[in-house]
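A quick write-up on the structure given underneath.
In each ligand, atom 1 is the first atom listed, and ligand 1 is the first ligand listed.
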Amino acid sequence: MFRFRLAAPLLRMLDPETAHDLTLWALRHRLAPVARGPDDPILAVRLWGRDFPNPLGLAAGFDKDARVMGPMLGLGFGFVEVGSITPVAQDGNPRPRIFRLPEDRAIINRIGFAGAGAAAAAGRLRAWRASARPGVVGVNLGKNWDTTEPAADYEAGVRALGRYADYLVVNVSSPNTPGLRALQGGAALERLVARVRAAVAEVCPDRAAPVLIKIAPDLSAADREDIAAVALASGVDGFIVGNTTTQRPAGLRGRHRNEAGGLSGRPLFELSTQVLAHMYRLTGARLPLIGVGGVSGPDQAYAKIRAGASLVQLYTALVYEGPGLVARIKTGLAARLRGDGFAGVAQAVGADHR
Ligand SMILES: Cc1cc2nc3c(=O)[nH]c(=O)nc-3n(C[C@H](O)[C@H](O)[C@H](O)COP(=O)(O)O)c2cc1C
């Protein structure tokens, strides 16, 4: 059994990416803890025709190549998002490219979509589906860095992986792939969504996977208005708000704070929650939102829900707190929902706006 409290000091001595590879190895070899018992029914969420036993998910980037869905669901996550997956395998940026800022409970990364590519992930996702194990698995799609036609890459991702996905994410918000964030612009996004949706209709005719757009917390208010209008007009099924930020909030203390890349973890909480609340107001609660950025305990998870999130994700806090965090957030969240008189998560979504 992998004991985080014992392993943490060792993992912290290692370069972050080596520590992550070791963690994935341990997870693949069933050295991970397993959550006990079913989830509290107050945490259940039904969205897009899928049943989530609880609203807390693993954010993209942890399991880029779809290797550890089972063990991560076993930790107690209500869903797991794999990726970002690019059509063709690629190395990403040179190492080191992940930096811990322990004083800030934050990470800066500039990985730039490193991974084994869509065909390799498809093989594992196919085997996962064939095993008929329960659990919601979303697939996050990226583009190769040297592609000349980005929309073709997302279409290729849908064709390779769409049939295995409970939901698909068009990631146009990672800061480490040149040109990627430009796809968030109104006209470009409209064309991209049309192409992705057409491909989804072809590959999963009977159970179309919902298509979500993952946006950057750095979009201006005007950009957000544009993107919300496009989404409502073009049949996007939801947003993930959001990715890492290229901003460096005042007060960061970690010695790596000036490294290039996207910042995640605690210092991202305020910004990402404000953008989430704005997207909730813009989409008039008609589109489900997944809130992500700086969730490190039940208070932040609950705040995301009250700001407008139907589901919540995290990544960075897991690095600092370990796997016990998942159960702590779920217990705390259930208590907060009951304390405020809500019968379920759905009732609390957007409560701060009412
Ligand atoms: C090391 C690392 C790699 C990531 N890779 C991806 C990725 O491939 N695709 C993606 O959409 N988001 C990626 N993310 C962003 C996370 O999914 C999430 O949006 C962000 O980290 C904010 O959540 P957090 O503060 O809980 O970490 C990555 C984050 C980290 C820390």
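- The residues D153 and K143 are annotated as not salt-bridged, no charged nitrogen and carboxylate oxygen being separated by less than 4.0 angstrom.
- With a 4.0 Å cut-off on non-hydrogen atoms, E81 does not touch ligand 1 at all.
- Using a 4.0 Å cut-off to heavy atoms of S84, the atoms of ligand 1 that qualify are 7 (C), 8 (O), 9 (N), 10 (C), 11 (O).
- In terms of the ring-ring contact (aromatic ring centres under 6.0 Å, His included) criterion, residue partners of F79 (sequence neighbours excluded) are, by chain and number, F52.
- Comparing Q300, K214, R266 by heavy-atom distance to atom 19 (O) of ligand 1, the nearest is K214.
- Protein heavy atom in closest approach to atom 17 (O) of ligand 1: A60 O, 2.7 Å.
- Remark: D166 engages R129 in a salt bridge, criterion side-chain N to carboxylate O under 4.0 Å.
- Of the polar atoms of N109, none of the N or O atoms is found under 3.5 Å from an N or O of ligand 1, judged by distance alone.
- With a heavy-atom cut-off of 4.0 Å, N171 touches ligand 1 through its side chain alone.
- In terms of polar-atom proximity, L314 is not counted as a contact of ligand 1, lacking any N or O under 3.5 Å from an N or O of the ligand.
- When side chains are defined from C-beta on, L22 counts as touching L14, because their heavy atoms get closer than 4.5 Å.
- The pair R195-E149 meets the salt-bridge criterion, since a charged nitrogen lies less than 4.0 angstrom from a carboxylate oxygen.
- For L268, every heavy-atom contact with ligand 1 shorter than 4.0 Å involves the side chain, none the backbone.
- The nearest non-hydrogen atom to atom 11 (O) of ligand 1, considering only V82, L263, N140, comes from N140.
- Which parts of ligand 1 touch A59 is read off a 4.0 Å heavy-atom cut-off, strictly below it: atoms 17 (O).
- A salt bridge between D237 and R197 is present, with a side-chain N of the basic residue lying under 4.0 Å from a carboxylate O of the acidic one.
- In terms of N/O distances under 3.5 Å, ligand 1 is not approached by V292.
- Salt bridge present: R338 and D40 bring a charged side-chain N and a carboxylate O closer than 4.0 Å.
- Using a 4.0 Å cut-off between a side-chain N of Lys or Arg and a carboxylate O of Asp or Glu, D39 and K330 qualify as a salt bridge.
- Distances below 4.0 Å separate heavy atoms of N243 from the following atoms of ligand 1: 10 (C), 11 (O), 12 (N), 15 (C), 19 (O).
- Looking at V169 against ligand 1, nothing comes within 4.0 Å, counting heavy atoms.
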Side-chain donor/acceptor pairs under 3.5 Å, residues 105-122, sequence neighbours excluded:
residue: R105; atom: NH1; partner: E321; partner atom: OE2; Å: 3.2
residue: N109; atom: OD1; partner: I111; partner atom: N; Å: 3.2
residue: R110; atom: NH1; partner: E259; partner atom: OE1; Å: 3.0
residue: R110; atom: NH1; partner: A260; partner atom: O; Å: 2.9
residue: R110; atom: NH2; partner: E259; partner atom: OE1; Å: 3.2

